[in-house]
Amino acid sequence: MFLSVKDLTKSFGDLTVLKNINLDIEKGKIVTIIGPSGSGKTTLLRCFNALETPDQGIFSFDDGMTVDFSKKLTTKETIALRRKSGMVFQSYNLFPHKTALENVTEGPLIVQKRPKKEVLELAKSLLTKVGLEDKMDLYPHQLSGGQQQRVGIARALAIQPKLMLFDEPTSALDPELVGEVLKVIKDLANEGWTMVIVTHELKFAYEISDEILFIDGGHIIEQGPPEEVLNAPKKERTKQFLKRVLEY
Ligand SMILES: Nc1ncnc2c1ncn2[C@@H]1O[C@H](COP(=O)(O)OP(=O)(O)OP(=O)(O)O)[C@@H](O)[C@H]1O
Ligand SMILES: [Mg+2]
């Protein structure tokens, strides 16, 4: 087990967005989260990456690290948690005034303070891996959406995380650019990365996922292999959601 999540709860003011979430993520497995708008998908990913602090819950990692959110986290714990996962955002979130290469080197160089030569080599190899070897010196506004998102993926990989998190990585893209980004994610899957992906691309989710979670109103309504959750959902709410997505 890479990560075991116990009883995770997160509220914003009076609004409880995640309610007693229990979840196991196995090493090398791909968990895909689907669910309606506002159901808490992004918030859950942000909790994994310590971008949000849960009100309660326990994370237990396979390396022995345990984080109990009912106690106040130390800065050291927050940093350790953040280093475990790389996040790919829906809207890319690149630094506009930095080149593709500088976007990728920023984390390891400035935050992790790793040696410059090593970081440059790593960043170049990651940009090559995502098919951008000839675009390294361009700025985000000079890149297509698909290229920007591939920089986003290289940037997340550059911190050498154990877990990759994707929040609707293709939903801001023109349809003809979706494929190139999904291909990079599939390559990572084949390399054995542990990943949590929020997506509305059900065909992609079906092909790539080991497990699908359907969440609604901050609860996990249904979970299981894609053949079960997508093809033979048991819960009425899952059926209705899938029907709506497929109609769209
Ligand atoms: N920082 C915040 N402050 C207050 N409320 C928030 C905050 N972030 C999220 N919320 C609320 O939490 C709920 C869940 O939001 P979240 O972004 O996790 O949903 P989502 O499932 O990712 O939706 P979408 O599919 O539209 O991206 C929403 O009602 C949202 O308004
Ligand atoms: Mg979201």
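As a basis for the values below, the full set of heavy atoms in this structure was taken, side chains included, without hydrogen atoms, waters or symmetry mates.
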A.B. asks: What pair of heavy atoms forms the shortest contact from K41 to P36, and how long is it?
C.D. replies: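 Answer, listing the atom of K41 first, then P36: NZ-O, 2.8 Å.
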A.B. asks: With a 4.5 Å limit on heavy-atom distance, are the side chains of E228 and K234 in contact?
C.D. replies: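 Sidechains of K234 and E228: in contact.
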A.B. asks: Could you grab the distance from atom CG of L138 to atom CG of L132, nearest 0.5 Å is fine?
C.D. replies: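 Rounded to the nearest 0.5 Å, the CG-CG separation comes out at 9.0 Å.
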A.B. asks: Which heavy atom in P169 sits nearest to a heavy atom in I185, and how many Å separate them?
C.D. replies: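 Between these two residues, the closest heavy atoms are CG-CD1, 3.8 Å.
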A.B. asks: Is it the case that atom NZ in K124 sees more than 12 heavy atoms from other parts of the structure closer than 6.0 Å?
C.D. replies: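 No - once you tally the heavy atoms of other residues, nucleotides and ligands closer than 6.0 Å, there are 12 at most.
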A.B. asks: What's the verdict on side-chain contact (heavy atoms from CB on, under 4.5 Å) for N231 and Y206, showing C-alpha distance, side-chain angles and the deciding distance?
C.D. replies: CA-CA 9 Å; N231 287 356; Y206 187 85; 3.3 Å; yes
A.B. asks: Testing T170, V181, I208 for side chain to side chain contact (heavy atoms under 4.5 Å, CB included) with E201, which one passes?
C.D. replies: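 Output: one option passes, namely T170.
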A.B. asks: Apply side-chain contact (heavy atoms from CB on, under 4.5 Å) to residues L23 and F48 and explain how you reach the verdict.
C.D. replies: CA-CA 12 Å; L23 175 63; F48 287 141; 3.9 Å; yes
A.B. asks: Please check if V196 and V88 belong to a single hydrophobic cluster, counting links between Ile, Leu, Val, Met, Phe, Trp and Tyr side chain heavy atoms closer than 4.5 Å.
C.D. replies: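 They do not share one cluster, since no chain of ILVMFWY contacts under 4.5 Å joins V196 to V88.
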A.B. asks: If I take atom CG from residue L127 and atom CG from residue L122, how far apart are they, to the nearest 0.5 angstrom?
C.D. replies: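 Rounded to the nearest 0.5 Å, the CG-CG separation comes out at 9.5 Å.
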A.B. asks: Looking only at atom types and distance, does a side-chain atom of D174 sit under 3.5 Å from a main-chain N or O of E176, one as donor and one as acceptor?
C.D. replies: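 A pair under 3.5 Å: no.
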A.B. asks: Can you tell me how far CG of D68 sits from NZ of K6, rounded to the nearest 0.5 angstrom?
C.D. replies: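 Separation between the atoms: 13.0 Å.
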A.B. asks: Between L177 and F166, is there shared hydrophobic-cluster membership here, with clusters defined by ILVMFWY side-chain heavy atoms closer than 4.5 Å?
C.D. replies: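 Linked within one cluster.
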A.B. asks: Measure from the side-chain N and O atoms of K183 to the backbone N and O of V130, and report whether any donor-acceptor pair falls under 3.5 Å.
C.D. replies: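 A pair under 3.5 Å: no.
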A.B. asks: Check A123 against T105 and note the closest heavy-atom contact, atom names and distance.
C.D. replies: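 The pair with the smallest heavy-atom distance is CB-CG2, 3.5 Å.
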A.B. asks: Counting distance only, does the side-chain N/O of D55 pair as donor-acceptor with the main-chain N or O of S11 below 3.5 Å?
C.D. replies: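 Yes.
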A.B. asks: Do V104 and L143 land in one hydrophobic cluster if side-chain heavy atoms of ILVMFWY residues count as linked below 4.5 Å?
C.D. replies: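 Shared cluster, yes.
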A.B. asks: Are R83 and I159 side-chain neighbours, meaning at least one heavy-atom pair lies under 4.5 Å?
C.D. replies: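 Side chain of R83 against side chain of I159, heavy atoms only: no contact under 4.5 Å found.
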A.B. asks: Decide yes or no for F12 and V17: does some side-chain heavy atom of the first lie under 4.5 Å from some side-chain heavy atom of the second?
C.D. replies: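 Yes; the side chains approach each other to less than 4.5 Å.
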A.B. asks: Using only heavy-atom distances, determine whether the side chains of S91 and N93 contain a donor-acceptor pair under 3.5 Å.
C.D. replies: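 There is such a pair (donor and acceptor under 3.5 Å, judged by atom type) between the side chains of S91 and N93.
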A.B. asks: Can any side-chain N or O of S209 pair as donor or acceptor with the backbone N or O of I30 at less than 3.5 Å?
C.D. replies: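 Not a single qualifying donor-acceptor pair exists.
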A.B. asks: Go through the side-chain N and O atoms of S39 and D216 and say whether any donor and acceptor fall under 3.5 Å apart.
C.D. replies: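 There is no such pair (donor and acceptor under 3.5 Å, judged by atom type) between the side chains of S39 and D216.
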A.B. asks: Is there a continuous path of hydrophobic side-chain contacts, each under 4.5 Å between heavy atoms, that joins F61 to I58?
C.D. replies: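 No, no single cluster joins them.
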A.B. asks: In the structure I gave you, are the side-chain heavy atoms of T128 and M136 within less than 4.5 Å of one another anywhere?
C.D. replies: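 Yes; the side chains approach each other to less than 4.5 Å.
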A.B. asks: Should the pair R150-E180 be classified as a salt bridge under the 4.0 Å nitrogen-to-oxygen rule?
C.D. replies: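 Yes, this pair counts.
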A.B. asks: Is L165 linked to I197 within one hydrophobic cluster, defined over Ile, Leu, Val, Met, Phe, Trp and Tyr using a side-chain heavy-atom separation of less than 4.5 Å?
C.D. replies: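 No, separate clusters.
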A.B. asks: Any ion pair linking K71 and E77 (charged N to carboxylate O, less than 4.0 Å)?
C.D. replies: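 Between K71 and E77 there is no salt bridge, as every charged N stays at least 4.0 Å from the carboxylate O atoms.
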A.B. asks: Relative to each other, are the rings of F59 and F69 parallel, tilted or perpendicular (30° and 60° limits)?
C.D. replies: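 The arrangement is perpendicular - the two ring planes meet at more than 60°.
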A.B. asks: For the atom pair CD1 (I33) and CG (L213), what is the distance rounded to the nearest 0.5 Å?
C.D. replies: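 Rounded to the nearest 0.5 Å, the CD1-CG separation comes out at 5.5 Å.
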A.B. asks: Can V198 and L44 be said to form a side-chain contact (heavy atoms from CB on, under 4.5 Å), step by step?
C.D. replies: CA-CA 10 Å; V198 174; L44 181 57; over 6 Å; no
A.B. asks: For Q149 and F89, indicate whether the former's side chain and the latter's backbone hold a donor-acceptor pair under 3.5 Å.
C.D. replies: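 Here the side-chain-to-backbone pair exists.
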A.B. asks: Does any part of the side chain of E102, heavy atoms only, come nearer than 4.5 Å to the side chain of F95, both counted from C-beta?
C.D. replies: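 Contact flag for F95/E102 side chains = no.
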A.B. asks: Does R46 reach the main-chain N or O of E52 with its side chain, forming a donor-acceptor pair under 3.5 Å?
C.D. replies: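 Checked: no pair found.
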A.B. asks: Where do L101 and L120 come nearest, in terms of heavy atoms and distance?
C.D. replies: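 Minimum heavy-atom contact is CD2-CD2, 3.8 Å.
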A.B. asks: Looking only at side-chain N and O atoms, does Q90 offer a donor or acceptor that is under 3.5 Å from a partner on S171?
C.D. replies: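 A donor-acceptor contact under 3.5 Å links the two side chains.
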A.B. asks: So among I153, L188, V184, which one has a side chain to side chain contact (heavy atoms under 4.5 Å, CB included) with K129?
C.D. replies: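 Running side chain to side chain contact (heavy atoms under 4.5 Å, CB included) over I153, L188, V184 with K129 returns exactly one hit, L188.
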A.B. asks: Between T78, T74, L73, I79, which is the residue that forms a side chain to side chain contact (heavy atoms under 4.5 Å, CB included) with K76?
C.D. replies: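 Filter result, single survivor: T74.
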A.B. asks: Side-chain contact, heavy-atom cut-off 4.5 Å: E211 with E26?
C.D. replies: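 They are not in side-chain contact.
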A.B. asks: How many angstroms lie between atom CG of L202 and atom OG1 of T32, to the nearest 0.5 angstrom?
C.D. replies: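 That separation rounds to 10.0 Å.
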A.B. asks: Taking Q142 for its side chain and Y139 for its backbone only, find out whether a donor-acceptor pair lies under 3.5 Å.
C.D. replies: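 Flag set: sc Q142 to bb Y139 pair under 3.5 Å.
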A.B. asks: For residues Y92 and L173, determine if any side-chain heavy atom of one lies less than 4.5 Å from a side-chain heavy atom of the other.
C.D. replies: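 Touching, per the 4.5 Å side-chain cut-off.
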A.B. asks: Measure the spacing between NZ of K84 and CG of L163 and express it to the nearest 0.5 Å.
C.D. replies: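 One gets 10.0 Å once the value is rounded to the nearest 0.5 Å.
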A.B. asks: Taking all non-hydrogen atoms of both residues, which atom of L242 and which atom of I34 are closest, and how far apart?
C.D. replies: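 Shortest heavy-atom separation between L242 and I34 comes out as CD2-CD1, 4.1 Å.
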A.B. asks: Heavy-atom count check: over 12 atoms from other residues, nucleotides or ligands less than 6.0 Å from K239 NZ?
C.D. replies: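 Above 12, so yes.
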A.B. asks: Hey, what's the ring geometry for F241 with H200, parallel, tilted or perpendicular (30° and 60° as the breaks)?
C.D. replies: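 F241 vs H200 ring planes: tilted.
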A.B. asks: Quick one: closest heavy-atom pair of N22 and Q223, and the distance?
C.D. replies: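 Smallest interatomic distance, heavy atoms only, reads O-OE1, 4.4 Å.
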A.B. asks: For S85 and N49, what are the C-alpha separation, side-chain angles and deciding distance, and is it a side chain to side chain donor-acceptor pair (under 3.5 Å)?
C.D. replies: CA-CA 6 Å; S85 55; N49 201 20; 2.9 Å; yes
A.B. asks: Do D137 and T99 have a side chain donor and acceptor closer than 3.5 Å?
C.D. replies: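 No - no donor-acceptor pair under 3.5 Å links their side chains.
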A.B. asks: Tell me, with the steps shown, if I220 and I21 meet side-chain contact (heavy atoms from CB on, under 4.5 Å).
C.D. replies: CA-CA 7 Å; I220 297 177; I21 300 280; 3.8 Å; yes
A.B. asks: Hey, does M65 have a side-chain heavy atom less than 4.5 Å from the side chain of L81?
C.D. replies: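 Result yes, sub-4.5 Å side-chain heavy-atom pair found.
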A.B. asks: Could you tell me whether D62 and K162 have a side-chain N and a carboxylate O separated by less than 4.0 Å?
C.D. replies: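 No, D62 and K162 are not salt-bridged.
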